[in-house]
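All of these numbers come straight from a predicted model, not from anything done at the bench. The basis for the numbers below is simple: all heavy atoms, side chains too, and nothing from hydrogens, waters or symmetry mates. Chain letters run A, B, ... following the sequence lines, proteins first and then strands; every chain starts at 1.
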Amino acid sequence: MTPIDPPLGLLAELTHRCPLRCPYCSNPLELSRAAAELDTETWARVFREAAALGVLQLHLSGGEPTVRRDLPDLVRHAEQAGLYTNLITSGVMTDAARFDALMQAGLDHVQLSVQDAEEASADRIGGYAGGHARKLAFAALARAAGLPLTLNAVVHRQNLDRLPALIDLALDLGAQRLEVAHVQYYGWALANRDALLPSLAQLQAATATVEAARARLRGRLVIDYVVPDYHAKRPKACMGGWGRMVLAVSPAGRILPCHAAESLPGLTFPNVRDTSLREAWERAEAFTRFRGTAWMPEPCRSCDRREQDWGGCRCQAFALTGDAAATDPACALSPHHALLDLAVAEAAEAGEAFTYREIGRAPARA
Amino acid sequence: MSAIPADAIPRLARGVKLREDAARGRWVVLAPERMFVPDEIALEVLRLLDGARSLDAVVEELAARFAAPREEIAADVAELLADLAARGIVTT
């Protein structure tokens with residue numbers, strides 16, 4: 001057997017608690033409650049295990065990671081373990097004193113989400129009144145402290161027309177990077193797909209906007225662009241390939257190949273409470289199941305792109321076809337590809353109402 | 001690419017870190033949402049950026065260490081640092 005390369009990144013989902021209620025939240029439908037969360041010492045051990053395994057970058061995420069009162073301690077433990085620390089936050093719970101505590105702990109970078117460039121729409125999408133204004137205040141703290149800032153804008157039908165304003169916002173806030181991420185439709189986002197899917201015309205306009213802005217802002221702002229599957233001809237290399245680049249740990253300690261993997265049936269996920277990250281990465285069936293290319297069905301198995309896109313996304317394959325081992329329907333070679341066109345057509349006729357993300361209120365599965 | 005003055009003090013930009021990647025037997029430069037693996041020469045230069053040495057001092061040190069002509073080293077280091085500055089890795 002060829003040796004397995006160690007992971008480069010760890011996504012630590014510290015909590016599922018979050019004051020925002022974004023209808024495209026990437027957390028699973030079944031959200032963990034506070035009592036199930038790992039404690040400080042366990043996370044510190046996980047960070048040390050990650051560094052020893054070969055992880056270089058740590059993404060502190062959630063839910064909203066700043067609801068954890070011990071977040072500065074967690075940043076300090078990560079820093080001492082030698083990890084590069086990236087905080088992924090909504091920014092709405094961090095005042096100047098708490099921000100300063102994070103800086104003292106050695107935080108390296110922050111990724112701040114915004115729901116829209118326009119306040120009323122942003123607060124409606126996030127389901128949290130006053131949230132947008134707090135985010136702007138957070139960005140000002142980051143700028144004043146000289147902390148590298150990435151602005152993350154999840155885009156969809158109801159905010160995509162304001163993409164030029166989102167780019168201006170990133171510049172105004174002093175961000176060095178902007179992530180324009182089209183919604184990925186699993187979990188909560190799948191339940192809200194009809195209200196979120198953009199039209200092809202909207203998507204093409206957005207792509208043109210990004211390309212023009214990249215050229216105009218070279219050297220000032222880096223724009224990362226995550227394209228949507230529903231208008232694609234080939235799937236994305238989800239997670240850079242299953243069990244190849246990154247791993248995730250859920251609030252309750254489950255060790256996952258991706259943050260949405262708990263939606264897949266028939267996989268047992270090891271827990272950091274009784275399994276080391278190395279053991280999970282190298283041996284757990286949950287990681288070996290879709291690693292590499294041997295598991296692939298046709299048309300992936302003989303495709304010359306099989307080591308570029310790694311068959312696409314397992315969660316999307318399961319959500320749309322009922323088979324986690326199927327070719328991602330985002331691929332035009334998938335026998336299920338027409339499902340995506342159908343969804344786009346349905347969404348074009350649908351309304352704008354959201355099912356908001358809330359703990360203990362999972363919608364019926366689509 | 002604009003040249004860095006000889007008396008400027010180049011250093012890693014905010015949010016950029018040079019780290020040993022022991023699991024893979026190499027050194028890496030870590031930055032927000034990205035990383036790169038410096039070649040041997042870039043690594044030697046990056047290690048000398050301690051926030052105190054000027055570009056001149058970096059060149060001096062390398063010329064002594066490798067017993068190489070100063071002008072040659074100066075040109076190579078200037079080019080390398082200008083490239084790293086353009087990529088947001090190094091600042092002055």
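- Heavy atoms of other residues, nucleotides or ligands lying less than 6.0 angstrom from CZ of R283(A) number 12 at most.
- The closest donor-acceptor contact from the side chain of Y84(A) to the backbone of G15(B) lies under 3.5 Å.
- Residue M93(A) qualifies as enclosed at atom CE: its count of foreign heavy atoms under 6.0 Å is above 12.
- You'll find the side chain of E33(B) reaches within 4.5 Å of the side chain of Q111(A), heavy atoms only.
- One distance of note links NZ of K17(B) with CG of L83(A); it measures 9.5 Å at 0.5 Å rounding.
- Within the 3.5 Å criterion, the main-chain N or O of A31(B) finds a donor-acceptor partner in the side chain of Q57(A).
- Of the residues considered (D108(A), D224(A), V110(A), V222(A)), D108(A) shows the highest number of contacts with chain B, using heavy-atom pairs under 4.5 Å.
- For a residue to count as touching a neighbouring chain, one of its non-hydrogen atoms must lie under 4.5 Å from one of that chain's; by this rule L107(A) does not touch chain B.
- Inter-residue side-chain proximity for H109(A) and L30(B) is flagged as unmet; no heavy-atom pair is nearer than 4.5 Å.
- When heavy atoms are compared at a cutoff of 4.5 Å, R14(B) approaches chain A by way of both its backbone and its side chain.
- Contact annotation for Q176(A): neither backbone nor side-chain heavy atoms come within less than 4.5 Å of a heavy atom of chain B.
- Heavy atoms of other residues, nucleotides or ligands lying less than 6.0 angstrom from CD1 of I41(B) number 12 at most.
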